[in-house]
Amino acid sequence: MDFLNNIDWQAALEEHWPALAAYGLKALGAFIVLIVGLRISGAMASMVRRQAVKRPNIDETLGSFFASLVRWFLTAATIIAALQLFGVQATSFVAILGAMTLAIGLSLQGALGNIASGIMIMLFRPYGVGQYIEVADVGGTVKEINLFQTIMATPDNVQVIVPNSQAIDGIIKNYAGYPTRRIDLVFGIDYGDGMEHAIGVIEGVIKADSRVLADPAPVVRVDTLGSSSVDIIARPWVKTPDYWETRWALTMNVKTALDAAGISIPYPHQVNVNKD
């Protein structure tokens, strides 16, 4: 205490005042830069999120991801600027941050690959939620797409989770990618039945179904001459959501119409020969 009492505080303050004032101004400037920078980073992130939501090809999850990237980038830049303004050399800090980013990137290489693939899927939209697709040798209805994985449900309602990197790197079959689809049906008739008659019966059934499109026009032709039947192929076009119901209905209705017209559909059978 005697030591403190013996200090000439006024003289010491006058001696060190320029340095204290300089550090005080630097601290105040760094504080102002930090506050303004954080506010700007928040405002820019919100603007990016709003602009992303307005675009139909950008998912809300992807918009939030881009907004987070902008926020963290501007926040890091603000902190570095504040440190430099305060007098701290940020070169070594930036080098350490870069080394840490590289190490984290190498350790999370697979996860980052899935994120990059998720961004590509959300931007280019090779498939969407509710569509039936085949990716990575698995078929199912898409239930969810996030930055890491695509979640699907198979026709028997089994959940399948496909990493986005595997989904985007392989062949993608999107059965709902176009508004219309063609149904391919093959009906075999007996060689003794009239081909033109059978074609007319099949065409009548197809034209009677209101779900079949007039353009492109349905095609019914003799396709192959099999070992036990004449195969007639029918190719009507329908709207994609009507594909399966129309396919099933046409299969049943054509069979019924062929039976009513006396046209038989051959099937493999054995003939017993009596050698007596």
Side-chain angles (χ1 to χ4, degrees), residues 121 124-145 150-160 162 166-270:
I121 291 172
F124 296 105
R125 293 289 185 179
Y127 53 83
V129 174
Q131 295 180 332
Y132 187 89
I133 65 170
E134 286 184 10
V135 292
D137 297 326
V138 179
T141 302
V142 179
K143 296 296 183 181
E144 180 184 347
I145 305 171
T150 296
I151 302 175
M152 303 186 302
T154 62
D156 55 345
N157 206 32
V158 175
Q159 185 185 60
V160 179
V162 180
Q166 294 185 24
I168 201 67
D169 287 342
I171 295 174
I172 300 173
K173 284 187 177 181
N174 187 347
Y175 290 88
Y178 295 114
T180 59
R181 285 186 64 185
R182 190 185 72 190
I183 300 175
D184 289 351
L185 299 172
V186 178
F187 303 99
I189 65 171
D190 192 271
Y191 271 91
D193 295 324
M195 292 181 292
E196 293 293 338
H197 184 204
I199 290 175
V201 171
I202 296 172
E203 286 179 339
V205 172
I206 291 175
K207 291 179 180 179
D209 196 313
S210 60
R211 293 167 295 190
V212 174
L213 301 177
D215 186 21
V219 174
V220 182
R221 297 288 187 273
V222 175
D223 187 46
T224 57
L225 301 177
S227 59
S228 60
S229 66
V230 176
D231 294 332
I232 299 175
I233 189 168
R235 290 178 171 174
W237 287 80
V238 296
K239 293 180 180 179
T240 298
D242 296 333
Y243 179 86
W244 284 109
E245 290 296 332
T246 308
R247 181 187 181 92
W248 295 329
L250 289 177
T251 301
M252 182 178 66
N253 293 338
V254 168
K255 172 64 168 63
T256 302
L258 290 176
D259 290 343
I263 300 173
S264 60
I265 298 178
Y267 57 91
H269 60 280
Q270 294 180 345

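We use all heavy atoms of the structure for the numbers below, so side chains are in, but hydrogens, waters and symmetry mates are not.
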Inset, instruction - Taking all non-hydrogen atoms of both residues into account, name the closest pair between Gln166 and Ala136 and its distance. - result: OE1-CB, 4.4 Å
Legend entry - Side chain to side chain, Thr240 and Tyr175, heavy atoms closer than 4.5 Å: no
Inset, instruction - Would you name the heavy atoms of Ile232 and Met195 that are closest together and state the gap between them? - result: CD1-O, 4.3 Å
Inset, instruction - State, yes or no, whether a side-chain contact exists between Leu185 and Val254 at a heavy-atom distance under 4.5 Å. - result: no
Legend entry - Pairs touching residues 188-247 that satisfy ring pair (Phe, Tyr, Trp, His ring centres under 6.0 Å), sequence neighbours left out: Trp244-Trp248
Inset, instruction - Answer yes or no: is there a donor N or O on one side and an acceptor on the other, between the side chain of Thr150 and the main chain of Ile145, under 3.5 Å? - result: no
Legend entry - Nearest heavy-atom neighbours spanning Ala153 and Asn157: CB-OD1, 4.0 Å
Inset, instruction - Could you check if a side-chain atom of Leu250 sits within less than 4.5 angstrom of a side-chain atom of Pro236, using non-hydrogen atoms only? - result: yes
Inset, instruction - Write down the atom of Gly139, the atom of Pro155, and the distance for their closest heavy-atom approach. - result: O-CD, 4.2 Å
Legend entry - Listed partners of Arg235 passing salt bridge (charged side-chain N to carboxylate O under 4.0 Å, His left out), at least two apart: Asp184
Legend entry - Listed partners of Thr154 passing side chain to side chain donor-acceptor pair (under 3.5 Å), at least two apart: Asp156
Legend entry - N/O donor-acceptor pair under 3.5 Å between Asp231 side chain and Val186 backbone: no
Inset, instruction - Determine which pairs satisfy salt bridge (Lys or Arg N to Asp or Glu O under 4.0 Å) with at least one residue from residues 204-227, sequence neighbours left out, and list them in order. - result: Asp209-Arg211
Could you pull out every donor-acceptor pair under 3.5 Å between side chains of residues 256-266 and any protein atom, sequence neighbours left out?
unit_1 : atom_1 : unit_2 : atom_2 : d
Thr256 : OG1    : Met252 : O      : 3.0
Asp259 : OD1    : Lys255 : NZ     : 3.3
Asp259 : OD2    : Lys255 : NZ     : 2.4
Ser264 : OG     : Asp193 : OD2    : 3.3

Inset, instruction - Could you name each residue pair satisfying salt bridge (Lys or Arg N to Asp or Glu O under 4.0 Å) that touches residues 239-254, not counting sequence neighbours? - result: none
